[in-house]
Amino acid sequence: QVRLVESGGGLVQAGGSLRLSCAASGRTTSGYAMGWFRQAPGKGREFVSAVSWSGGSSHYADSVKGRFTISRDDAKNTVYLQMNSLKPEDTAVYYCTAGGADTFSSVAYHTTGLWDYWGQGTRVTVSS
C-alpha cells in the first residue's frame with residue numbers, strides 16, 4: 001500500500017509559479033510510475049503529467065507542455081510538479097498518483113483507471 005500526500009497548492013496570479021510536492025509513505029516510490037492529474041470545478045479528472053519509474057522519461061498533456069515539469073526524488077519518496085506561467089484555466093484540484101512500472105508505457109497512461117494509488121489532492125487557484 002502506498003499513501004500519497006500532496007502539498008504546495010494555493011492562490012497565485014496568472015503568470016506566476018507554484019511547485020507541488022507529493023510525499024509517499026508505506027512503500028518507496030522506487031519502481032513505481034508517478035503522475036499528476038487535475039480536476040477543475042464541474043469537470044472530470046484529467047491527465048497532467050507522468051514520470052517513468054526510472055525518472056528518465058515523462059509525459060505531458062498538451063495544455064501544460066512547456067510550462068510544467070515533473071520530477072522525482074526516490075531518496076525522499078517525493079514527486080514534484082513545477083508549474084510556471086500559470087493560467088486561470090490551470091485552476092483545479094491536483095492529484096498525485098502512483099502505478100506499476102508498466103503504467104507509464106501503456107497507451108492508456110492518461111486514463112485514471114490505470115493508476116493504483118491516489119492522494120487527497122491539493123487545490124490550485126490561478127487568478128486573472
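- You'll find the ring centres of Y95 and F37 outside the 6.0 Å limit.
- Between D90 and K87 there is no salt bridge, since none of the side-chain N atoms of the basic residue sits less than 4.0 Å from a carboxylate O of the acidic one.
- Within a 6.0 Å sphere centred on NZ of K65, heavy atoms belonging to other residues, nucleotides or ligands number more than 12.
- By the ring-ring contact (aromatic ring centres under 6.0 Å, His included) test, W53 is found to be paired with no residue, residues two or more places apart in sequence or in another chain being considered.
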Show your working on side chain to side chain contact (heavy atoms under 4.5 Å, CB included) between L81 and Y94 and close with a plain yes or no. CA-CA 10 Å; L81 186 69; Y94 284 70; 4.2 Å; yes

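- With no hydrogens or angles considered, no side-chain donor-acceptor pair links D73 and T78 at under 3.5 Å.
- Considering every non-hydrogen atom in both R27 and N77, the closest pair reads O-ND2, 4.3 Å.
- Contact record, R38 with A92: CB-CB, 3.8 Å, taken as the closest heavy-atom pair.
- The aromatic ring centres of Y109 and W115 sit 6.0 Å or more apart.
- Ion pairing of D74 with K76 is absent here, as no side-chain N (NZ or NE/NH1/NH2) approaches a carboxylate O to less than 4.0 Å.
- Residues W36 and L20 are in side-chain contact: their nearest non-hydrogen atoms beyond the backbone lie under 4.5 Å apart.
- When atom types are taken as modelled, the side chain of R45 and the backbone of A40 share no donor-acceptor pair closer than 3.5 angstrom.
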